[in-house]
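Here is the structure we will look at.
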Amino acid sequence: MATYAELKAQAEALLAQAEQLRKQERAGVIAEIRARMAEYGITAEELATTGTRGGKAKAGRSKAQPKYRGPNGELWSGGPGRKPEWVRNVLAAGGNIENFRIA
């Protein structure tokens, strides 16, 4: 039965061998990728963009400007969806949300 030191040495040797093979195969993979890029007219800039179709980046969703400021400085745009807790509390207490409108 092999000792821990022997097994560790074997593992290190296998890792070194795997790294050497990776380096040898890397050049071939790069050449294959370049050939495919040339074949399909793909540029490096197109590869740099993520999650796009046709190579154009999507415009990010713009944030609405806040219309209301809560009693503790919280901001709310007044848009659709669930109202923030501070707005629900004001309305539940019979308050008017317009009192919190940012001028």
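The structure presented is a predicted model; accordingly, all values stated were derived computationally and were not measured.
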Item to complete: Decide if atom CD of Gln65 counts as having more than 12 heavy atoms of other residues, nucleotides or ligands within a radius under 6.0 Å.
Response: no
Item to complete: State, with a plain yes or no, whether a side-chain heavy atom of Met37 is found less than 4.5 Å away from one of Leu47.
Response: yes
Fill in: Joint hydrophobic cluster, Val29 plus Ile42, side-chain heavy atoms closer than 4.5 Å
yes
Practice prompt. Not counting sequence neighbours, which residues clear salt bridge (Lys or Arg N to Asp or Glu O under 4.0 Å) with Glu19? List them please.
Written response: Arg22
Worksheet item: Which value, rounded to the nearest 0.5 Å, describes the distance between Met1 atom CE and Leu7 atom CG?
Response: 8.5 Å
Tabulate below the donor-acceptor pairs under 3.5 Å that side-chain atoms of residues 86-103 make, not counting sequence neighbours, or state none.
| residue | atom | partner | partner atom | Å |
| --- | --- | --- | --- | --- |
| Arg88 | NH1 | Lys83 | O | 2.5 |
| Asn89 | ND2 | Glu85 | O | 3.4 |
| Asn96 | OD1 | Glu98 | N | 3.0 |
| Glu98 | OE1 | Arg101 | NE | 2.7 |
| Glu98 | OE2 | Tyr68 | OH | 3.0 |
| Arg101 | NH2 | Tyr68 | OH | 3.0 |

